[in-house]
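Side chains included, hydrogens not; waters and symmetry mates left out as well; all remaining heavy atoms used.
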Amino acid sequence: GAAPRFGRPAPPPQTGWERLRELLRRDERQRYPEETVNILKSAFTGGVVGWMYGGLPAFYQARKAFIERSHGELFQNRADAVQSAHRAGLRSFLRYGWRWSWRVAAFVTIFNTVSTGLSVYRNKTTISNFASAGAFTGALFRMHLGLQGLAGGFVFGTVFGIPAGGLLMMMQKLTGETLQEKRNRERRELYEQKLAEWQSRLSVTEVLGQTESNTQGGPETERARE
């Protein structure tokens with residue numbers, strides 16, 4: 001019979017490194033895994049929250065300070081004075097908002113990358129993954145302050161990671177399964193679907209090959225009888 005021109009579909013990743021590499025690969029629809037997309041979304045959200053956290057207080061403080069300093073200044077009208085105060089506040093909003101924005105975005109990105117990587121590598125989601133991610137991220141952000149800062153960041157990160165991880169796990173449990181359980185289920189279902197399609201194509205190929213052999217064998221039999 002004719003040999004099939006396709007191979008058996010590859011099984012789901014079995015090792016931690018294989019699962020980690022899968023985070024950077026796109027699927028058949030050119031989409032990245034949900035874990036990778038969530039890391040990017042959280043980085044953006046963290047940047048926005050950090051900007052608001054640092055920018056809004058700076059805006060109001062700069063505006064208030066400008067009003068207090070400008071009692072003796074002359075303005076063309078009330079609108080001009082209000083616009084000048086808003087411009088002073090806006091400059092502080094952009095300046096201090098950016099300082100907080102990139103720091104919060106970087107912290108959230110590193111924390112989620114490490115916690116997601118540990119969950120994917122170990123193939124399970126636990127509080128220890130988030131505690132380790134928090135400890136690593138906190139220590140990384142405070143290591144420039146020396147050994148004392150490193151220890152402080154380690155403790156702060158651990159204390160932050162445990163409740164944050166618990167909250168995330170609880171939110172995932174409300175949906176009926178954790179993100180890792182969902183990912184494993186989708187991998188298994190996709191593999192079973194591909195395997196069924198492969199077996200179906202293999203059966204069709206074997207039937208066609210047998211038909212072709214019978215067709216070629218007919219004339220040879222007739223010539224042998226002659």
Side-chain angles (χ1 to χ4, degrees), residues 19-26 30-69 83-122 125-172 178-180 183:
R19 289 189 292 270
L20 285 176
R21 285 194 294 267
E22 194 179 48
L23 292 177
L24 303 177
R25 297 173 184 167
R26 297 183 181 184
Q30 297 301 308
R31 297 180 306 182
Y32 283 105
E34 185 176 356
E35 298 93 334
T36 305
V37 175
N38 287 341
I39 291 175
L40 298 177
K41 288 181 178 179
S42 64
F44 176 78
T45 303
V48 173
V49 172
W51 203 306
M52 295 297 104
Y53 177 82
L56 289 178
F59 174 85
Y60 290 114
Q61 291 177 5
R63 186 173 178 272
K64 181 179 179 181
F66 177 85
I67 294 174
E68 293 175 351
R69 290 195 314 266
Q83 290 178 0
S84 298
H86 279 306
R87 283 194 294 269
L90 183 60
R91 286 193 295 269
S92 292
F93 175 80
L94 295 175
R95 179 182 178 184
Y96 291 98
W98 166 248
R99 289 184 179 181
W100 276 96
S101 178
W102 75 263
R103 285 179 171 85
V104 174
F107 186 94
V108 171
T109 301
I110 296 173
F111 174 80
N112 281 333
T113 300
V114 175
S115 61
T116 300
L118 288 173
S119 297
V120 170
Y121 183 83
R122 300 176 64 190
T125 303
T126 63
I127 287 292
S128 62
N129 294 344
F130 296 99
S132 301
F136 174 81
T137 308
L140 184 65
F141 266 71
R142 303 287 289 180
M143 64 185 301
H144 66 283
L145 299 178
L147 186 59
Q148 185 175 359
L150 186 69
F154 183 90
V155 174
F156 168 80
T158 304
V159 172
F160 166 82
I162 292 175
L167 179 61
L168 290 173
M169 290 180 61
M170 191 165 58
M171 293 174 61
Q172 291 178 10
T178 65
L179 185 60
Q180 201 59 37
R183 184 67 172 162

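- The minimum heavy-atom distance between Phe136 and Val114, with the atom names listed, is CD2-CG2, 3.8 Å.
- Interatomic distance, OG of Ser92 versus CG of Leu56, reported as 12.0 Å (0.5 Å rounding).
- Here Asn38 contributes atom CG and Thr113 contributes atom OG1; the two are 11.5 Å apart, rounded to the nearest 0.5 Å.
- In Phe93, the CZ atom is crowded: over 12 heavy atoms of neighbouring residues, nucleotides or ligands sit closer than 6.0 Å.
- Around CZ of Phe59, the count of heavy atoms belonging to other residues, nucleotides or ligands within 6.0 Å exceeds 12.
- Across every non-hydrogen atom of Ile110 and Leu140, the tightest pair is CD1-CD2, 3.8 Å.
- By the 30° and 60° cut-offs, the orientation of the rings of Tyr53 relative to Trp100 is perpendicular.
- With contacts defined as side-chain heavy-atom distances shorter than 4.5 Å, the pair Thr45/Ser42 does not qualify.
- The aromatic rings of Phe111 and Phe160 lie perpendicular to each other, with more than 60° between the two planes, well past the 30° mark.
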For Arg87 and Leu90: C-alpha separation, side-chain torsions, deciding distance, then whether side chain to side chain contact (heavy atoms under 4.5 Å, CB included) applies. CA-CA 5 Å; Arg87 283 194 294 269; Leu90 183 60; 5.5 Å; no
Check the pair Leu94 / Trp51 against side chain to side chain contact (heavy atoms under 4.5 Å, CB included), numbers first and verdict last. CA-CA 8 Å; Leu94 295 175; Trp51 203 306; 4.0 Å; yes
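- Atoms OG1 and CZ, from Thr36 and Arg26 in turn, are 11.0 Å apart once rounded to the nearest 0.5 Å.
- Smallest separation of non-hydrogen atoms from Ser101 and Gly47: OG-O, 2.8 Å.
- Residue Thr116 holds its OG1 atom at 4.0 Å from CD1 of Ile39, rounded to the nearest 0.5 Å.
- The line from CZ of Phe130 to OG1 of Thr125 is 6.0 Å long, rounded to the nearest 0.5 Å.
- One finds the OG1 atom of Thr137 at 7.5 Å from the CZ atom of Phe141 (value rounded to the nearest 0.5 Å).
- The shortest non-hydrogen separation linking Arg19 to Val120 is NE-O, 2.7 Å.
- Screening residues 31-56 for salt bridge (charged side-chain N to carboxylate O under 4.0 Å, His left out) gives Asp27-Arg31, Glu34-Lys182, Glu35-Arg183 as the qualifying pairs, with residues at least two apart or on separate chains.
- Between Val108 and Gly46 the shortest heavy-atom distance is CG2-CA, 4.5 Å.
- Using a distance-only test at 3.5 Å, with no hydrogens or angles considered, no donor-acceptor pair links the side chain of Arg63 to the main chain of His86.
- A pairwise comparison of heavy atoms in Ala62 and Ala88 identifies CB-O, 3.7 Å as the closest pair.
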